[in-house]
There are 2 protein chains.
Amino acid sequence: MCAKTQTLSSGLEDYLEEIYIAHLNETPLKGAELARKLNISRASVSEALSKLVSRDLIKYNSYEAISLTPKGLEDAQKVYAKHHILKNFFEEVLEIPAEEASENACKIEHIISQNVLDRMINFTDFYKKNRESIEKLKKDK
Amino acid sequence: MCAKTQTLSSGLEDYLEEIYIAHLNETPLKGAELARKLNISRASVSEALSKLVSRDLIKYNSYEAISLTPKGLEDAQKVYAKHHILKNFFEEVLEIPAEEASENACKIEHIISQNVLDRMINFTDFYKKNRESIEKLKKDK
DNA sequence: GAAGATTGTAAGGTAAACCTAACACTTTGT
DNA sequence: ACAAAGTGTTAGGTTTACCTTACAATCTTC
């Protein structure tokens, strides 16, 4: 019934996303801080960062801030974008409260297909532009 | 940024769902056949079935068909329902082709919140009832 | 320029979910 | 009824992603 794919594991995508958020905020981020953010041990983060380095997604030297390589930046942007497409869709169209929208987005962002995301973008856009008419349809029944 | 839950692993839910489908079709299902359906070794299926038995979700004796306990039936129905809510939503609202809709549903069914599913049900329903008016809105721009 | 705090990493461990190979048991077909 | 085919289980292995403990390296602050 189902099947599997995945090039970057959902875990590594989470690390990358958090690194990207620090990058957006222009906040230097070290391994220990990342561990705190993700609620994961420093040791596990250390391992994960090695993987990201070996895949040329981040630059990292002990005791320095983590930074994204061009490839890492690109990948991170993709994950981050997915998160927001989902979150917006859940909030704007399905009227899910922000926090719950975000929690769902967090999990789904790693597995959803690009095609579905594209439709969501269009749909959210359409929905926002026509909110009033749609509300009317809903009420008219 | 994210967090975790899960009572029945996504893997076990897949087994349960497939058993439920056989139940719906009134097709007797043995471990070996389940292994073929899920593309997993007989050995792994054997292990998984033991877990499902020990959680009182299925009844199973070697060389006989697998059957669902009342609790297992209930759980399976929930997973199956989730799958269809998602699939319908993707197909009807987002106009995703059937197969892709199903593939996405397969993965997301294990992690999405009930609240989002409820909204999807309502939305799909609303959308189907107002398809024409909505199409018009889309075209008018 | 040390002391104390923080940060990083190595070693060794666990758990889940898979695998193959080998063997035993059961069913089927003639 | 018995050989062949199919089914199930066991043992042992792999991988991934975590963990804790302990120690090493680096900062920071007085």
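Every chain is numbered from 1, with letters handed out A, B, ... down the list of sequences.
Here C/dT7 is the nucleotide among C/dC19, C/dT7, D/dT9 with the atom lying nearest to any side-chain atom of A/Ala32. Side-chain atoms of A/Lys51 lie closest to D/dA17 of the nucleotides C/dT9, D/dA17, D/dT7. Residue A/Ser62 places its side chain closer to C/dT9 than to any other of C/dC19, C/dT9, D/dA24. Proximity note for B/Tyr63 (side chain, C-beta onward) versus D/dA11, C/dT7, C/dA24: the nearest is C/dA24. Closest to the A/Ser9 side chain, of the nucleotides C/dG8, D/dA17, C/dC18, is D/dA17. Picking from C/dG8, C/dA22, C/dC18 the nucleotide with the shortest atom distance to the side chain of B/Ser44 gives C/dC18.
At least one side-chain nitrogen or oxygen of B/Arg36 sits closer than 4.0 Å to the OP1 or OP2 atom of D/dT7. Distances shown here put every side-chain N or O of B/Tyr15 at or beyond 4.0 Å from the OP1 or OP2 atom of C/dA17. For D/dG8, neither phosphate oxygen OP1 nor OP2 lies less than 4.0 angstrom from any side-chain nitrogen or oxygen of B/Ser46.
A/Ser113 and B/Glu103 form no side-chain donor-acceptor contact under 3.5 Å, judged by distance and modelled atom types alone.
Stacking of B/Lys138 on the aromatic ring of A/Phe126 is recorded, both the 6.0 Å distance cut-off and the 45° axial limit being met.
Across B/Tyr127 and B/Glu92, no two heavy atoms sit closer than the pair CE2-O, 3.4 Å.
Across all strands, B/Leu49 comes closer than 4.0 Å to no nucleic acid atom at all (heavy-atom distances).
Counting to the nearest Å, the P atom of D/dC27 and the CD atom of A/Glu64 are 8 Å from each other. As rounded to whole Å, 13 Å separates atom C1' of C/dG8 from atom CD1 of A/Ile58. Straight-line distance from the CG atom of B/Leu34 to the P atom of D/dT9: 12 Å, rounded to whole Å.
One finds no salt bridge joining B/Lys51 and B/Glu47 here, because no Lys/Arg side-chain nitrogen approaches an Asp/Glu carboxylate oxygen to under 4.0 Å.
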